[in-house]
Asker: 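This structure is in structure tokens; I'll ask about it shortly.
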Amino acid sequence: MNLVLFGPPGAGKGTQSKILTEKRGLPQLSTGDMLRAEQQAGTPLGLASKALSDRGELVPDEMVIDIIAKRYDQPDCAHGAVFDGFPRTIPQAQALDKMLAERGRRIDLVLELKVDDAILLSRVEARIKAGGVLRSDDTPETLARRLAVYYKNTAPLIDFYRGQGKLKTVDGMAPVEAVTAQVAAVLDGVPA
Ligand code: AMP
């Protein structure tokens with residue numbers, strides 16, 4: 001199964017992806033994690049993307065389309081994957097459809113985690129207060145920019161996928177276990 005987990009920054013995509021990896025054996029393909037790994041390793045892609053991601057801006061489509069295609073061709077994606085934080089623009093979604101079609105695959109489902117902005121901000125503020133390990137783009141200011149970018153560039157994908165009949169929405173404001181249960185119920189209804 002190929003699944004897109006969709007939602008604003010802080011909606012819980014990463015948390016739910018990890019649970020899906022554990023429970024269903026689907027690898028989590030997070031372009032954010034891939035870019036952070038490139039940045040830490042100081043590769044040309046890492047250097048080219050760091051300033052943009054630190055400001056909460058999107059990196060150019062070709063960069064993420066390229067890394068996702070390479071990652072998808074690894075053997076652990078033979079039975080599908082969970083796409084986390086990709087696609088984020090219409091051209092990325094079109095490129096993903098094309099990439100999968102070329103491999104005789106398709107997206108089975110797009111799961112939208114719906115969360116109000118005020119809750120997203122309070123989640124980041126709680127993380128800052130707790131003083132854990134923070135990402136360089138996890139500040140209230142950058143989150144505001146990431147949210148604006150989400151509404152402008154990424155939210156139009158909701159209609160794109162609704163038009164394809166693939167969109168299902170769950171309440172991302174419920175406690176984690178309740179979101180996990182909703183996700184499981186939706187997935188169990190998808191034909192194999
Ligand atoms: P994330 O961990 O998904 O919140 O991504 C962190 C940052 O990486 C984003 O704010 C962007 O700068 C960049 N990024 C991750 N995925 C994408 C994508 N699909 N398209 C463009 N930029 C991305």
Side-chain angles (χ1 to χ4, degrees), residues 3-21 27-40 45-46 48-61 63-65 67-68 71 81-93 95-96 107 109-162 167-176 178-180 182-183:
L3 176 69
V4 173
L5 266 188
F6 187 84
K13 301 187 293 292
T15 303
Q16 291 302 324
S17 300
K18 288 194 174 71
I19 293 170
L20 287 170
T21 300
Q28 173 194 15
L29 269 52
S30 157
T31 42
D33 285 350
M34 293 177 205
L35 290 171
R36 280 184 288 278
E38 299 277 340
Q39 290 163 5
Q40 266 153 24
L45 174 59
S49 59
K50 179 147 176 58
L52 285 167
S53 57
D54 278 354
R55 281 205 310 274
E57 302 293 341
L58 296 183
V59 308
D61 289 335
M63 281 188 188
V64 281
I65 290 168
I67 47 171
I68 210 90
R71 179 65 187 86
V82 181
F83 294 91
D84 164 11
F86 179 90
R88 264 175 154 99
T89 64
I90 299 273
Q92 289 180 24
L96 178 60
I107 291 171
L109 184 72
V110 178
L111 256 180
E112 180 197 7
L113 299 176
K114 224 181 163 74
V115 180
D116 291 344
D117 288 4
I119 294 192
L120 299 172
L121 276 165
S122 66
R123 283 181 183 175
V124 170
E125 278 160 6
R127 280 209 290 265
I128 293 169
K129 269 204 199 110
V133 179
L134 291 174
R135 287 167 33 175
S136 50
D137 59 351
D138 244 354
T139 64
E141 299 74 32
T142 313
L143 180 65
R145 184 66 203 139
R146 284 158 65 202
L147 269 178
V149 168
Y150 169 80
Y151 286 114
K152 179 165 180 280
N153 301 96
T154 308
L157 289 175
I158 294 175
D159 280 343
F160 178 90
Y161 284 123
R162 192 178 282 129
L167 187 79
K168 296 270 184 219
T169 301
V170 302
D171 173 13
M173 289 174 280
V176 173
V179 178
T180 305
Q182 287 181 65
V183 169

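Treat the numbers as computed from the prediction; the structure is a model and nothing was measured. We're numbering straight along the sequence, starting at 1.
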Asker: For Ser53 and Gln39, does a side-chain donor sit closer than 3.5 Å to a side-chain acceptor?
Answerer: yes

Asker: Restricting to salt bridge (charged side-chain N to carboxylate O under 4.0 Å, His left out), what partner residues turn up for Lys18, sequence neighbours left out?
Answerer: none

Asker: Using the test side chain to side chain donor-acceptor pair (under 3.5 Å), find all partners of Asp117 that sit at least two apart in sequence or belong to another chain.
Answerer: Tyr151

Asker: Does the pair Thr31 and Val59 meet the rule for a side-chain contact (heavy atoms from CB on, under 4.5 Å), with working shown?
Answerer: CA-CA 10 Å; Thr31 42; Val59 308; over 6 Å; no

Asker: Which residues satisfy the salt bridge (charged side-chain N to carboxylate O under 4.0 Å, His left out) test with Glu112, sequence neighbours excluded?
Answerer: Lys114

Asker: So which atom in Asp54 and which in Ser136 form the shortest heavy-atom distance, rounded to 0.1 Å?
Answerer: OD1-OG, 2.7 Å

Asker: Taking side chain as C-beta onward, heavy atoms only, is Ile19 less than 4.5 Å from Val176?
Answerer: yes

Asker: Any side-chain heavy atom of Ser49 sitting closer than 4.5 Å to one from Val64?
Answerer: no

Asker: If the condition is side chain to side chain donor-acceptor pair (under 3.5 Å), which residues does Thr154 pass it with, not counting sequence neighbours?
Answerer: none

Asker: Lys168: what forms a side chain to side chain donor-acceptor pair (under 3.5 Å) with it, not counting sequence neighbours?
Answerer: none

Asker: Please find the pair of heavy atoms, one from Pro87 and one from Leu157, that lie closest to each other, and give the distance.
Answerer: O-CD1, 3.4 Å

Asker: Going by side chain to side chain contact (heavy atoms under 4.5 Å, CB included), name the residues that satisfy it together with Thr142, two or more places apart in sequence or in a different chain.
Answerer: Asp137, Thr139, Arg146

Asker: For residues Phe86 and Ile65, determine if any side-chain heavy atom of one lies less than 4.5 Å from a side-chain heavy atom of the other.
Answerer: yes

